[in-house]
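In what follows, chains are A, B, ... by sequence order, proteins preceding strands, each numbered from 1.
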2 protein chains.
Amino acid sequence: MEATCQCNTVNMDKVTQGKAVLMTENVAGDLANLYKVFGDPTRVKILHLLSVTELCVCDIANVLEMTQSAISHQLRVLKQAKLVRNRKDGKTVYYTLDDDHVHTILKQGLDHISHVL
Amino acid sequence: MEATCQCNTVNMDKVTQGKAVLMTENVAGDLANLYKVFGDPTRVKILHLLSVTELCVCDIANVLEMTQSAISHQLRVLKQAKLVRNRKDGKTVYYTLDDDHVHTILKQGLDHISHVL
DNA sequence: ATAACATATGAATACTTGTTCATATGTTCA
DNA sequence: TGAACATATGAACAAGTATTCATATGTTAT
């Protein structure tokens with residue numbers, strides 16, 4: 001976590017400029033944690049499904065053919081990241097996207113991977 | 001990786017609709033892998049730095065106060081994801097962002113975390 | 001060619017994380 | 001109240017990953 005490299009190529013102007021621009025540890029950490037939430041196939045699928053329609057835990061489990069427990073764990077992660085929201089109707093809990101950024105981030109991601117192929 | 005949940009709440013219409021919309025394993029995997037690349041503080045910092053100016057490996061190491069090796073490993077990941085590009089000038093290798101999606105994804109991410117605070 | 005240097009890479013380790021299994025919480029209806 | 005059900009949660013294990021250390025590759029100048 002320390003020890004600067006010892007090259008002579010270092011352009012001190014660029015380095016000081018870079019240090020000025022550099023994200024704080026907190027911002028970089030928060031941002032990385034946000035993207036990390038997108039960084040799992042199951043969660044990406046869930047987010048994409050929820051971008052189409054509201055669904056309950058059980059529905060999602062059936063669509064993805066995964067256990068209720070696995071889905072519930074993932075929904076908790078998504079909720080902590082404020083990417084999804086839920087409403088309770090009796091026993092069942094319905095989930096929706098919480099945020100417009102989700103649409104944009106998903107769209108840009110899809111654009112990127114299709115552009116790269 | 002199997003076993004559907006056995007609720008009765010299942011709305012068959014929504015489930016079949018969901019299955020129709022569901023991403024393929026490949027797309028979800030590629031997309032998740034892309035976001036995973038953004039899901040590390042070091043890489044986020046590097047991407048953000050490169051969104052300001054072109055930098056060589058050594059410069060980046062100095063700005064982040066990390067070893068040349070660590071940075072080089074991360075740059076390889078970024079390059080494989082087609083997020084950065086490099087040009088060689090003698091011994092030194094300069095890196096730049098490869099793609100406009102990077103800007104947008106970073107911006108949306110920043111918007112999201114600042115909106116959430 | 002050789003020395004000096006900038007970057008890349010491989011193996012190893014410590015750490016994180018997604019799923020499963022078992023069980024807890026909370027809600028509805030009889 | 002109690003049974004049935006939908007969801008949530010905790011512990012544990014397997015699989016993936018970021019950094020370090022040592023070293024390899026490739027470039028420049030003498």
Side-chain angles (χ1 to χ4, degrees), chain A residues 1-11 14-15 25 28-29 32-46 54-62 64-81 84-95, chain B residues 1-11 14-15 25 28-29 32-46 54-62 64-81 84-95:
Chain A
M1 250 45 156
E2 80 299 320
T4 298
C5 108
Q6 62 279 35
C7 323
N8 302 325
T9 318
V10 182
N11 181 337
K14 286 199 168 183
V15 170
E25 208 62 47
N33 283 331
L34 172 64
Y35 294 127
K36 216 175 289 183
V37 174
F38 284 85
D40 175 80
T42 302
R43 288 195 293 265
V44 167
K45 288 183 205 163
I46 294 175
E54 179 186 66
L55 290 170
C56 72
V57 180
C58 198
D59 290 340
I60 301 173
N62 276 279
L64 297 196
E65 295 180 348
M66 293 177 63
T67 62
Q68 174 270 323
S69 178
I71 301 300
S72 186
H73 278 294
Q74 297 295 21
L75 286 170
R76 190 163 61 89
V77 175
L78 291 170
K79 195 183 174 189
Q80 279 173 346
V84 304
R85 199 172 26 199
N86 57 14
R87 70 178 179 87
K88 291 181 83 169
D89 182 8
K91 286 175 283 185
T92 76
V93 180
Y94 290 96
Y95 283 83
Chain B
M1 251 44 155
E2 81 299 320
T4 298
C5 109
Q6 62 278 36
C7 324
N8 302 323
T9 317
V10 182
N11 181 338
K14 285 198 169 184
V15 170
E25 207 63 47
N33 283 331
L34 171 64
Y35 294 127
K36 215 175 290 182
V37 174
F38 284 85
D40 177 81
T42 302
R43 288 194 292 264
V44 166
K45 289 183 204 163
I46 294 175
E54 179 186 65
L55 291 170
C56 72
V57 180
C58 198
D59 290 339
I60 300 174
N62 275 279
L64 298 196
E65 294 179 351
M66 292 176 64
T67 62
Q68 173 270 323
S69 178
I71 301 300
S72 185
H73 277 294
Q74 298 294 21
L75 286 169
R76 190 162 61 89
V77 174
L78 291 170
K79 196 183 173 189
Q80 279 173 346
V84 304
R85 198 172 25 198
N86 57 14
R87 69 177 179 87
K88 292 182 82 169
D89 181 9
K91 286 176 282 186
T92 76
V93 180
Y94 290 96
Y95 282 83

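Residues passing the side chain to side chain contact (heavy atoms under 4.5 Å, CB included) test with A:V93 are A:N86, A:K88, A:Y95, sequence neighbours excluded. The side chain to side chain donor-acceptor pair (under 3.5 Å) search around B:Y35 returns none, not counting sequence neighbours. The side chain to side chain contact (heavy atoms under 4.5 Å, CB included) check on A:N33 picks up A:K36, with sequence neighbours excluded. The side chain to side chain contact (heavy atoms under 4.5 Å, CB included) check on A:K91 picks up nothing, with sequence neighbours excluded. By the side chain to side chain donor-acceptor pair (under 3.5 Å) test, A:Q80 is found to be paired with no residue, residues two or more places apart in sequence or in another chain being considered. For B:R76, the salt bridge (charged side-chain N to carboxylate O under 4.0 Å, His left out) test picks out no residue, with sequence neighbours left out. In this structure, the side chain to side chain contact (heavy atoms under 4.5 Å, CB included) partners of B:V77, at least two apart in sequence or on a different chain, are B:V37, B:R43, B:Q74.
Inter-residue side-chain proximity for B:N62 and B:D59 is flagged as unmet; no heavy-atom pair is nearer than 4.5 Å.
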Listed pairs, N/O of protein and of nucleotides 10-15 of chain D, under 3.5 Å:
unit_1: D:dG10; atom_1: O6; unit_2: A:H73; atom_2: NE2; d: 2.8

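Put simply, A:T67 has a side-chain N or O that comes within less than 4.0 Å of OP1 or OP2 on C:dT20. Between B:T92 and C:dA6 there is no side-chain polar atom (N or O) within less than 4.0 angstrom of OP1 or OP2. At the phosphate of C:dA6, neither OP1 nor OP2 sits under 4.0 Å from any side-chain N or O atom of B:Y95.
To the nearest angstrom, P of C:dC21 lies 13 Å from CD of A:Q68. Atom pair A:Q74:CD and D:dA8:C1' shows a separation of 14 Å (rounding to whole Å applied). For the pair B:L64 CG and D:dT19 P, the computed distance is 10 Å after rounding to whole Å. Put simply, OH on A:Y35 is 22 Å from P on C:dT16, counting in whole angstrom units. Atom OH of B:Y94 is separated from atom C1' of C:dA6 by 11 Å (rounded to the nearest Å). Atom CE of B:M66 is separated from atom C1' of D:dT19 by 7 Å (rounded to the nearest Å). Put simply, NZ on A:K36 is 10 Å from C1' on D:dT17, counting in whole angstrom units. Protein atom CG of B:D40 is 13 Å distant from nucleotide atom C1' of D:dG16, rounded to whole Å.
Distance check, rounded to the nearest 0.5 Å: OG1 of B:T42 to CG of B:L64 gives 7.0 Å. Rounded to the nearest 0.5 Å, atoms CZ (B:R87) and OG1 (B:T92) are 7.0 Å apart.
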- Task: Sugar-phosphate means primed atoms, P, OP1 and OP2; the rest is base. With that split, encode nucleotides 24-30 of chain C 5' to 3' as B, S or - using protein heavy atoms under 4.0 Å.
- Result: --SBS--

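Contact check on A:E25 versus B:K45 returns a salt bridge, with a Lys/Arg side-chain nitrogen under 4.0 Å from an Asp/Glu carboxylate oxygen.
Note that the two end axes of the helix from C:dA1-D:dT30 to C:dA30-D:dT1 enclose an angle of 30°, each drawn from 5 base pairs, rounded to 10 degrees.
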